[in-house]
Structures are given as C-alpha cells and as structure tokens.
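See below for the structure under consideration.
None of the values given here were measured: they were computed from a predicted structure. A, B, ... follow the sequence lines: proteins, then strands. Residue 1 opens every chain.
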2 protein chains.
Amino acid sequence: MEAPIKILIADDEADILEIISFHLVKAGFEVFTAKDGSEAIEKANSYAPDCIILDIMMPKRNGFEVCEYLRSNSKFDKTLIVLLTALNDETSHIKGLELGGDDFISKPISPKVLISRITALFRRLQPSTGQNKIINSNDLSIDLSQYKTTLKGVNFVLAKKEFELLYLLAAQPGRVFLRGEILSQVWGNDVIVGDRTIDVHIRKIRAKLGIDCITTVKGVGYKFDY
Amino acid sequence: MEAPIKILIADDEADILEIISFHLVKAGFEVFTAKDGSEAIEKANSYAPDCIILDIMMPKRNGFEVCEYLRSNSKFDKTLIVLLTALNDETSHIKGLELGGDDFISKPISPKVLISRITALFRRLQPSTGQNKIINSNDLSIDLSQYKTTLKGVNFVLAKKEFELLYLLAAQPGRVFLRGEILSQVWGNDVIVGDRTIDVHIRKIRAKLGIDCITTVKGVGYKFDY
DNA sequence: AAAGCTGGTTAACAATTTGATAATATGGAT
DNA sequence: ATCCATATTATCAAATTGTTAACCAGCTTT
C-alpha cells in the first residue's frame, strides 16, 4: 500500500551504480540511474524522483553543480538530495549541505546505512508533505490537492464529480459505500438527483481508468478494490 | 525575528559539551546541556528543545534509550534527534536511525559539520522559513523582490495583478488553487470583483508567456504546471 | 486642460465541458 | 420466463470558462 518512492542515483562508476540500485530496489524503491551530471539533470526532469543521490565527482557536471541546479528550480523543492563522496573531507561536506543537500554520505558506502539514512529522511519529510491528501493504491494515485490522477505514472483527467466520487471510494478501499452515503458525500444532503446518476458517473470513471477497480455490490452500493 | 531554535546536547564528556555548545551558541542557537541520559530526558521535558543531540555512550541511560523514550512520546514528534558516537560502527548507526533518530554523526565531531547538518535538517523541516522570493521553473523565473519575470533569459513585463497571480500559482507548482483562494490571496478578502476577472488575468498571462503553463481545473480552479 | 497611456474591471457573448435524465439493454436471481 | 437492479447510450440543459471589446480611473505627456 506504500507509495512507490522514486530514487535517482548518479555515479560514474558502473559497479557502484549497480550495487546501490540493487539494494534500493530490494528495499522497495523505484530506481533510476544516471552515469554523469547531465544525464542526472535530464532524468530528474523526466522522472521527477523523490530523492536524488549524487556522486560529487562525476563527468560533465559534478554533484555540486547538479545540486545547485536542482535547488534553483522550484520543481525540486521537495526532492531530497543526498551527496556521496570518496573524500572524507569536511569542506565538501559543508559545501554540499550549504548548496541545499539534505544528507551527505562518505564512501565507501554501506548499502544498509544508505538505506536507513534515506528512510530516516523520508520519515521526517513525510509528515510535512502529509498535508497532501494523496491516495496510492498499486499503480493508481489520486492527489486531492492537485486534483490529479495517475495510472502507472500516466495521468488522466477526471471531471470534478468523477474525481470526488473516485476519491471517496478510494479513500477507504474495500469498504462498501451505500448509494445514500455516496449521494450525501459527493452531492450533499440537500441536492436531489436521480438514482441512475451515480451509475453513469461510475461508468465514466471505469471507462477512463481502463481497469476495473470499482466493484458493484448489488442492492447495496459500490466499493473500491484494487 | 523568530524565536531562537533550542538545542539540547547530552554528553558525559565535559569538554565536548563545552566546545559544541560554544559553537552552537555562536551560530545563534539557544543551548541546553545534560551530562547523562536521565538529565537529558529531564531537560527535554522541561525545555522542549527543537533538537536534541545525544551521545550514545552515556551514564544512567545511553543515547539509544533516550532516543527510544523520546520517540515513544508524541510530545517530541517534531523534535529532531541527532546521535553521536565514538565508534564508526555501522550497526549502531542503523540501530540509531531505526529507533527514530534523524541524523547520526561520528566522532571526532567537527563543529562546522555538526552545525551545517543541523541547519540542513531544520531547513527541510521548516519550509516556512525558507520562503523563496525567487521562483525558478525550467526556463521561467519569477523574482518577487524585483517584480520581474524572465522566460528563457528574456524578460517580459507583467502588470501587478498578473504578476501576483502568476507568483501565487507558481510558488506551489501542481497545486490547484480554488477561485476563492486566488481571490483572497491576490485581491484580498474585502474586495469584491466579478467572476470573469480572474479568467481575464489568466488569459493575459497565458498570452504574454506564450507557453501554456497554467492549467484550468474546471469547477475547481487553476494550477501552475511547467 | 486635453489627449494619450496603462492597468484593472466588467459586460456580453462564444465555446466548451459538465452533469442529469430518459430510454433502453443486460445479466443474474428466483 | 420474469423481475429487478444495474449498465449503457444518447441527449439536452446547465454550469463554467474563454474571448473580445468596452469602460473607467489614475497618471503622464503634450
């Protein structure tokens, strides 16, 4: 039921890339890789990862430069940046943190430590981001603050009522909502609409989603199951 | 000016306590000290610090125990916990982070590093303090202090209301702003303007920008997406 | 002072999207 | 087969937004 956290790793050493990404994938993250600074920026833009791990010494653009670029772009305000270095060197440590890095880890890297540090960062960050009422269920994500729905990363557009209806059902997966409940939650208590109206909206949602995640419970109501 | 950030340091070595607290005070923090685990808990309760720095090896109660105590108490939900250790030991590192620590620093401690790490943690935690006056998103840059907007380096002129509207939306990319929110933020609560006024301003911004970075969410509001 | 700007607002209308309903089809249960 | 609840489809009215032009106020220029 967890949101798939996306992590981008940038390092020019292929074996490090491989071993870290192996452990991260095993820990349940969705991982992207880049072999230099330019590729890191490119992939950061296209995949919008939640966390970016940057080696400092990389070709094309070094970790500091990438960090600076990311921090100058408000799109990455909420993105965690972790810097890696071979040097256990105080100066670059401080420089990295001042450029807006969130954490700094010295090589040689222990995958366990890396993962537990990243987990700790997310644990801290989640509650503050947690104002966003986002529902995540498998490939489906529903973000109330953005009125945005994505399926397998691709976003699709729902009209207001459709969105509200899906949001209501998906907020409590498995729970059956009586037609009366749906009416009063989505339409309000004083609005009177016909019985078939709900069906039609359900149908539209099903059509747009492509997958059947809403189950009909005959004589009772509907539930979200996915 | 805001209230100073309160930090509690717990370590049994008096000289370390002294040197760290000296630097923290110099960096503008309000500092409390404790020489063992029990005192740390006591002072944490009475002073409600924003951040607690715990040495792992301490008399009475060690750092892990204190950390565990703090994390079991919801009063300290928002309190940052930084763990210190003499050992550069992976196991206690992970243990500390799993017990709910937010950061972990190995001795010997560099005051500069300590301060920059703490600053980085607070920066993440309090996005309110870091209100950027300049928004950068891809080729678009919006500078509040100069009321200046540039696209791909070329600057273009927005009228006051247009600027304020764009700034509001762009400050939180992706977030949908309800028409009511926009009205109260840009026009103020007591001003009454017609329904179409927002649309017209949105249209002017779109025209001047050339790119479509403002998305309409019908029945809800507008959002900046770029 | 008159004429000319600029920015902000509004009215009027066009274009678009939406939601609700009616009519009809389907499918399972009895 | 019949009944009943839901599914489906098409249609229309209502709601919402886009667009344009006009208006007014305040300020600058002539």
Pairs touching residues 21-32 of chain A that satisfy side chain to side chain donor-acceptor pair (under 3.5 Å), sequence neighbours left out
none

Pairing of Asp103(B) and Arg117(B) as salt bridge, 4.0 angstrom limit:
yes

With Tyr222(A), which residues qualify under side-chain hydrogen bond (donor to acceptor under 3.5 Å, both in side chains), at least two apart?
Asp199(A)

Would you indicate what Phe163(A) reaches in the nucleic acid, counting non-hydrogen atoms under 4.0 angstrom: base, sugar-phosphate, or nothing?
nothing

Does any pair with a residue in residues 181-195 of chain A pass side chain to side chain donor-acceptor pair (under 3.5 Å), and if so which ones, sequence neighbours excluded?
Arg175(A)-Glu181(A)

Could you name each residue pair satisfying salt bridge (Lys or Arg N to Asp or Glu O under 4.0 Å) that touches residues 153-169 of chain A, not counting sequence neighbours?
Glu162(A)-Lys208(A)

For chain B, the stretch of DNA chain D it reaches, first to last nucleotide, under 4.0 Å of its heavy atoms:
dT16(D) to dT20(D)

Between protein and nucleotides 17-30 of chain C, map the contacts as a letter string: B base, S sugar-phosphate only, - none, heavy atoms under 4.0 Å, written 5' to 3'.
SSBSB-----B---

By side-chain hydrogen bond (donor to acceptor under 3.5 Å, both in side chains), which residues pair with Thr216(A), not counting sequence neighbours?
Arg206(A)

For Lys75(B), give me all partners under side-chain hydrogen bond (donor to acceptor under 3.5 Å, both in side chains), at least two apart in sequence or on another chain.
Asn45(B)

Sorted by chain and number, sequence neighbours left out, side-chain hydrogen bond (donor to acceptor under 3.5 Å, both in side chains) with Lys223(A) holds for Asp225(A)

